[in-house]
Protein chains: 2
Amino acid sequence: MSGWLAIVGLGPGAEAMVTPEVSTTLAEATDVVGYQPYVQRVAPRPGLVHHGSDNREELQRAQAALRLAAAGRRVAVVSSGDPGVFAMASAIFEAVEAGDPAWRSLDIRVLPGISAMLAASARVGAPLGHDFCCINLSDNLKPWPLIERRLRLAAEADFAMAFYNPRSRARPEGFARVLEVLREACGSQRLIVLARAVSTPQEAVHVTCLGEARPEMADMRTLVIVGSSRTRRIERDDATPLVYTPRSVPWSS
Amino acid sequence: MSGWLAIVGLGPGAEAMVTPEVSTTLAEATDVVGYQPYVQRVAPRPGLVHHGSDNREELQRAQAALRLAAAGRRVAVVSSGDPGVFAMASAIFEAVEAGDPAWRSLDIRVLPGISAMLAASARVGAPLGHDFCCINLSDNLKPWPLIERRLRLAAEADFAMAFYNPRSRARPEGFARVLEVLREACGSQRLIVLARAVSTPQEAVHVTCLGEARPEMADMRTLVIVGSSRTRRIERDDATPLVYTPRSVPWSS
């Protein structure tokens with residue numbers, strides 16, 4: 001059997017959200033490659049080699065995975081959530097484009113997963129039920145002014161917004177600035193959802209408004225959703241409020 | 001056992017992309033409710049009642065599902081893809097907010113699915129690997145000028161864009177206008193992916209540029225992705241080109 005490379009999404013955490021095609025592929029792999037905590041989600045078995053690496057080493061990891069597949073191994077590159085959203089798929093294709101031309105002939109597949117934004121949205125209702133955007137708040141790989149520019153344009157377009165990587169130890173001040181920009185552009189009453197580690201034992205979901213949101217409500221495992229001007233909150237007795245964005249926008253608006 | 005309502009995503013089409021939690025829930029349901037073609041994806045079995053209805057009847061369908069759950073039935077409301085993205089979840093919560101206050105106490109869960117945009121993105125590479133937006137191009141429920149406004153702002157923000165419902169028999173001219181607006185805002189060389197019925201036997205994926213794209217390349221089963229200015233195409237011998245958006249934006253841009 002010749003080698004292949006599958007870039008697979010493990011979903012947000014729960015086994016019950018891993019698709020059968022991903023499970024089957026993991027069962028056929030000889031090598032699993034990725035960020036250490038994600039690689040550890042794949043159970044050890046005879047014949048499977050785990051290659052866990054540190055964060056921020058995506059490009060070297062991608063090259064190593066491509067070399068393994070070119071050597072005939074069956075390689076699963078794992079990401080949390082969906083591999084195409086701020087995850088390993090782009091890193092692999094960057095490596096393919098810049099690397100050995102023979103890598104273009106490899107059998108490379110991307111197998112989608114339940115993304116963090118869809119899992120977070122489902123937990124509170126349907127805040128992404130109308131037009132929305134999705135922004136990575138980390139400025140590791142792009143200039144900070146571009147992030148602020150996109151926030152302002154997204155607010156002007158009245159998109160709901162999903163944010164990845166809101167806050168890390170290396171950038172404690174970034175998310176505070178994001179909240180400031182959004183309060184200015186959307187007002188303090190705008191709904192915000194802070195969904196940490198959805199579907200894992202560490203899950204914690206908060207629904208509040210921009211005026212009440214504090215930077216320390218998010219860390220690197222939090223997915224943040226800010227509603228559009230139309231997003232609504234339904235109160236419930238003894239349960240988290242529901243948050244959803246209606247399907248329609250009136251013609252007068 | 002008391003009633004519940006689960007709003008579940010069936011994914012883009014292939015059984016192998018239906019999550020285990022959705023399969024388990026469907027196996028426990030007494031009633032499956034939804035648009036007829038999606039309801040038909042759930043195999044008949046003794047004790048399961050199929051309630052298929054026509055398109056554009058989302059709100060009546062939502063109310064019917066809530067009444068069934070309130071009467072003690074175990075109801076699965078099915079959507080293709082993810083139920084929270086231009087699908088049944090928002091319709092259910094609209095019905096909850098406007099309807100019988102007792103509905104707020106029902107056990108209502110949203111179970112995410114592999115969305116059409118993530119499945120389409122995976123098929124060609126990783127075009128949504130950097131910041132992106134997601135817009136429903138149907139003007140059934142919002143004014144057309146708002147769609148054009150969002151397209152222009154999304155182009156200004158340099159988002160990649162995923163489009164749902166590009167074209168239907170009722171609106172044959174809308175997608176032609178979208179292509180015109182985007183050619184003006186992004187130039188004719190900008191990459192576009194037209195992915196029809198991904199993961200089904202009718203799957204057809206085209207990669208081209210805005211200058212070559214024609215309205216008739218899309219129908220109501222097509223998910224359209226337009227790249228950002230940074231999205232790249234990797235040519236391959238004897239295979240569809242790969243399309244991906246790099247993770248980084250240079251500081252000079």
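Residue numbers begin at 1 in each chain, while the letters A, B, ... track the order of the sequences. For the numbers below, each heavy atom of this structure counts, side chains included, while hydrogens, waters and symmetry mates do not.
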If you count heavy-atom pairs under 4.5 Å between each of [options] and chain A, which one has the most?
options: A14(B), S121(B), P20(B); result: P20(B)
options: D237(B), V110(B), D131(B); result: D131(B)
options: A16(B), G9(B), A126(B); result: A16(B)

Discussion item. Test of understanding: with side-chain contact (heavy atoms from CB on, under 4.5 Å), list the residues that count as partners of A119(B), not counting sequence neighbours.
Written reply: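 side-chain contact (heavy atoms from CB on, under 4.5 Å) check on A119(B) returns P12(B), I114(B), V198(B).
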
[X], part contacting chain A, at a heavy-atom distance under 4.5 Å:
X: V18(B); value: backbone
X: M88(B); value: neither
X: T245(B); value: backbone
X: L242(B); value: side chain

Could you tell me which of [options] has the largest number of non-hydrogen atom pairs under 4.5 Å with chain B?
options: P83(A), A89(A), G125(A); value: G125(A)
options: L111(A), L141(A), I108(A); value: L141(A)
options: H130(A), E15(A), R149(A); value: H130(A)
options: E235(A), M161(A), R232(A); value: R232(A)
options: P101(A), S105(A), A160(A), A122(A); value: A122(A)

Practice prompt. Kindly state each residue pair satisfying side-chain hydrogen bond (donor to acceptor under 3.5 Å, both in side chains) with at least one member in residues 151-165 of chain A, sequence neighbours excluded.
Written response: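 Listed once each, the pairs are N136(A)-N165(A), R152(A)-E184(A), D158(A)-S229(A).
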
Worksheet item: Can you find a pair of side-chain heavy atoms, one from S90(B) and one from E58(B), that are under 4.5 Å apart?
Response: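 They are not in side-chain contact.
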
Worksheet item: L5(A) versus R109(A): any side-chain heavy-atom pair under 4.5 Å?
Response: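 Side chain of L5(A) against side chain of R109(A), heavy atoms only: no contact under 4.5 Å found.
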
Discussion item. Is A91(A) close to chain B through its backbone or its side chain, or both, or neither, when contacts mean heavy atoms under 4.5 Å?
Written reply: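 Both the backbone and the side chain of A91(A) come within 4.5 Å of chain B.
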
Worksheet item: So what's closer than 4.5 Å to chain B heavy atoms on R104(A): side chain, backbone, both or neither?
Response: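 Both parts, backbone and side chain.
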
Discussion item. Under 4.0 Å between a side-chain nitrogen and a carboxylate oxygen: does that hold for R236(B) and D238(B)?
Written reply: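 No salt bridge links R236(B) with D238(B).
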
Item to complete: For the pair E94(A) and R247(B), find out whether any cationic side-chain nitrogen is under 4.0 Å from an anionic carboxylate oxygen.
Response: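 R247(B) and E94(A): salt-bridged.
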
Worksheet item: Passes side-chain contact (heavy atoms from CB on, under 4.5 Å), R61(A) versus V33(A)? Steps please.
Response: CA-CA 7 Å; R61(A) 184 191 296 151; V33(A) 174; 3.4 Å; yes

Item to complete: Decide whether E97(B) and Y244(A) meet the rule of one side-chain donor and one side-chain acceptor closer than 3.5 Å.
Response: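 Checked: E97(B)/Y244(A) side chains pair up, N/O donor to acceptor below 3.5 Å.
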
Worksheet item: What's the verdict on side-chain contact (heavy atoms from CB on, under 4.5 Å) for I135(B) and L137(B), showing C-alpha distance, side-chain angles and the deciding distance?
Response: CA-CA 6 Å; I135(B) 300 177; L137(B) 293 181; 4.1 Å; yes

